[in-house]
Amino acid sequence: KITFVSVLNACADDVNLSEGIQMHERVKRSGVELDVIVGSSLIHMYGKCGRIEHAQEIFDKMHSKDVICWTTMITACSSCKSLERARLLFDKMPQRNVVSWNAMLAAYAQQGLLKEVLKFFEKMPERDIVSWNVIVAAYTQHGLIVEAHKVFNKMPKRDVVSWNAVISGYAQQGKLDEALAVFQQMPCPNVVSWTTMLAACAQQGQVDMAVKLFHQMPDRNVVSWNTMISIYVKAGQFKEALDLFQQMPERDVVSWNAMIAAYVQNGQLKEALQLFKQMPRRDVVSWTAMVAAYAEHGELEEAFHLFSQMPNPNVVSWTALVAAYAQNGQLIRAMQLFQQMPRRNVVSWNAMITGYAQQGQLKQAYKLFQEMPQRN
RNA sequence: CACUGAUUCAUUAACGUA
């Protein structure tokens, strides 16, 4: 059981569904699927991989569920964007602890419902540092860094996550100086703090400073390496990106995806495809990056061909395809796909509007603008 | 000395940005 749980957690951390499913099969054969801890790990893994139906199935089959199991299921619903289900579970669960409350709080935050987050926070019977951290992060996600910093100052205790959240808030606003000031004030920066600073440099195109920080960092993990690669890619320094990719001690799917972007940005579509084919595992980002790459080169058939092979296109993948046709003036086809896609967001609408606008079809563009449910 | 599960912070893909 311990081994299964460890491996399942590794699958969850890596968002590796195929390994997770394989492990699930072995779990079933061992007859421990419904063990409360193994079952929770399965739910956790499926939740992270976006397979809420599999998570739910296990949850329903389990005989004895403890508070951790319930909370895991709430988070699974939340990460699969089922806030409603999360709330139903939260209301239904036999006992709650502060972690359950935090999980529900985070579920509201992850939907971007700041008002709900604050309301829920007020209702909480007990709060800990994580609850406060969720509030700080919720503010920064809305670009409300001043509010975030205020909460940071007034929270009863701060840990490294609180500090990192504030730094990240400044970074997202492009306020590199402020981010740096907070970073220098914090007592014990960890690898996340350092990597957040790297990301802050990336935002501002400060490659030199990023390089300096990257070498100064006491330790680096795969995320730090990936961040540095993307900084080089963004700066058009292809060779440096490739060097890092080859030097890094371990690569994950994000590293490979970043290199695909590097090749695409460098105009090397063939090499990008080669990388895509040889990478150990492809996720929705890898597929979408390739679809978008072909689209950008006007190779619509190839883009569509890839799209149709893609295992689980999401709204971003669909929008990439719609934008491909829209930008190449094939608005009828674009509109067909736009109507066909299972879900649309504001970017999908923008892509269609831009397509019509570029073709001079202002009436159509305006009509869509009026129809769209949200505008940015 | 160390061996199992839950909540918060960093990296990669889609539209636009004079």
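Here is how names work: the chains are called A, B, and so on, in the same order as the sequence lines, proteins then strands, and each is numbered from 1. Both backbone and side-chain heavy atoms feed into the values below; hydrogens, waters and symmetry mates do not.
Among the nucleotides G5(B), A13(B), A10(B), the one closest to any side-chain atom of Ala289(A) is A13(B). The nucleotide whose nearest atom lies closest to any side-chain atom of Val161(A) is, among C9(B), A6(B), U12(B), C9(B). Closest contact between the side chain of Cys69(A) and the listed nucleotides G5(B), A10(B), A6(B) involves G5(B). In this structure, the nucleotide among C9(B), A14(B), U7(B) sitting nearest to the side chain of Val316(A) is A14(B). Of all nucleotides listed (G16(B), A14(B), G5(B)), G5(B) comes nearest to the side chain of Val5(A). Residue Ser230(A) has its side chain nearest to U11(B) when only A14(B), U8(B), U11(B) are considered. The side chain of Ile2(A) has C3(B) as its nearest neighbour among U11(B), C3(B), C9(B). Comparing atom distances between the Ala106(A) side chain and each of G5(B), C9(B), U8(B) picks out U8(B) as nearest. Closest to the side chain of Val284(A), out of C15(B), U7(B), A13(B), is A13(B). Across A10(B), C15(B), U4(B), the shortest atom-to-atom separation from the side chain of Ser168(A) is found for A10(B).
Put simply, Gln172(A) has no side-chain N or O that comes within less than 4.0 Å of OP1 or OP2 on C9(B).
Note on Glu116(A) versus Lys119(A): salt bridge recorded, some NZ/NE/NH1/NH2 to OD/OE distance being below 4.0 Å. Ionic pairing of Lys367(A) and Glu371(A) is present here: one or more N-O contacts between side-chain nitrogen and carboxylate oxygen are shorter than 4.0 angstrom.
Looking at heavy-atom distances under 4.0 Å, Asn190(A) makes no contact with the nucleic acid at all. Using a 4.0 Å heavy-atom distance criterion, Ser40(A) is classed as a base contact. Residue Asn345(A) is classed as a base contact, given a heavy-atom separation below 4.0 Å to a base. Within 4.0 Å (heavy atoms only), Thr196(A) reaches sugar-phosphate atoms of the nucleic acid but no base atom. Looking at heavy-atom distances under 4.0 Å, Val99(A) makes contact with a base. Nucleic acid contact for Asn9(A): sugar-phosphate only, since backbone atoms but no base atoms lie under 4.0 Å from a heavy atom of the residue. Residue Asp66(A) is classed as a base contact, given a heavy-atom separation below 4.0 Å to a base. Base contact: Val36(A) has a heavy atom under 4.0 Å from a base atom. At a threshold of 4.0 angstrom between heavy atoms, the contacts of Asp252(A) with the nucleic acid are absent.
For Asn314(A) against A13(B), a side-chain N or O and a base N or O form a donor-acceptor pair under 3.5 Å. Scanning atom types as modelled, one donor and one acceptor separated by under 3.5 angstrom connect the side chain of Asn221(A) and the base of A10(B).
Residue pairs meeting the side-chain hydrogen bond (donor to acceptor under 3.5 Å, both in side chains) criterion with at least one partner in residues 69-82 of chain A, sequence neighbours excluded, are Thr71(A)-Ser100(A). Sorted by first and then second residue, the side-chain hydrogen bond (donor to acceptor under 3.5 Å, both in side chains) pairs involving residues 206-225 of chain A (not counting sequence neighbours) are Thr195(A)-Ser224(A), Asn221(A)-Ser224(A).
Below 30°, between 30° and 60°, or above 60°: for Phe120(A) and Trp101(A) the angle between ring planes is between 30° and 60°, a tilted geometry.
Judged purely by distance below 3.5 Å, without hydrogens or angles, the side chains of Gln56(A) and Asp60(A) pair a donor atom with an acceptor atom.
As rounded to whole Å, 12 Å separates atom P of C9(B) from atom CG of Asn102(A). The CE atom of Met197(A) sits 13 Å away from the P atom of U11(B) (whole-angstrom rounding). Rounded to a whole Å, the CG atom of Leu89(A) is 13 Å from the C1' atom of A6(B). Per the geometry, CZ belonging to Arg220(A) stands 18 Å off P belonging to U11(B), to the nearest Å. For the pair Tyr325(A) OH and A14(B) C1', the interatomic distance rounds to 15 Å; values are reported in whole Å. Distance CG (Asp159(A)) to P (A10(B)): 14 Å, rounded to an integer number of Å. In this structure, Met228(A) places its CE atom 13 Å from P of U12(B), rounding to the nearest Å. Whole-Å rounding puts the Leu105(A) CG to U8(B) P distance at 10 Å.
Remark: Arg26(A) fails to qualify as a cation-pi partner of Phe4(A) under the 6.0 Å distance and 45° angle criteria applied to the six-membered ring.
Val98(A) and Val136(A) fall into different hydrophobic clusters, where Ile, Leu, Val, Met, Phe, Trp and Tyr are joined by side-chain heavy atoms under 4.5 Å apart, directly or via other members.
A centroid separation of 6.0 Å or more is found between the aromatic rings of His297(A) and Tyr294(A).
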Base-pair map of RNA chain B as dot-bracket, where | denotes pairing with a different strand and pairs are Watson-Crick or G-U under 3.5 Å: ..................

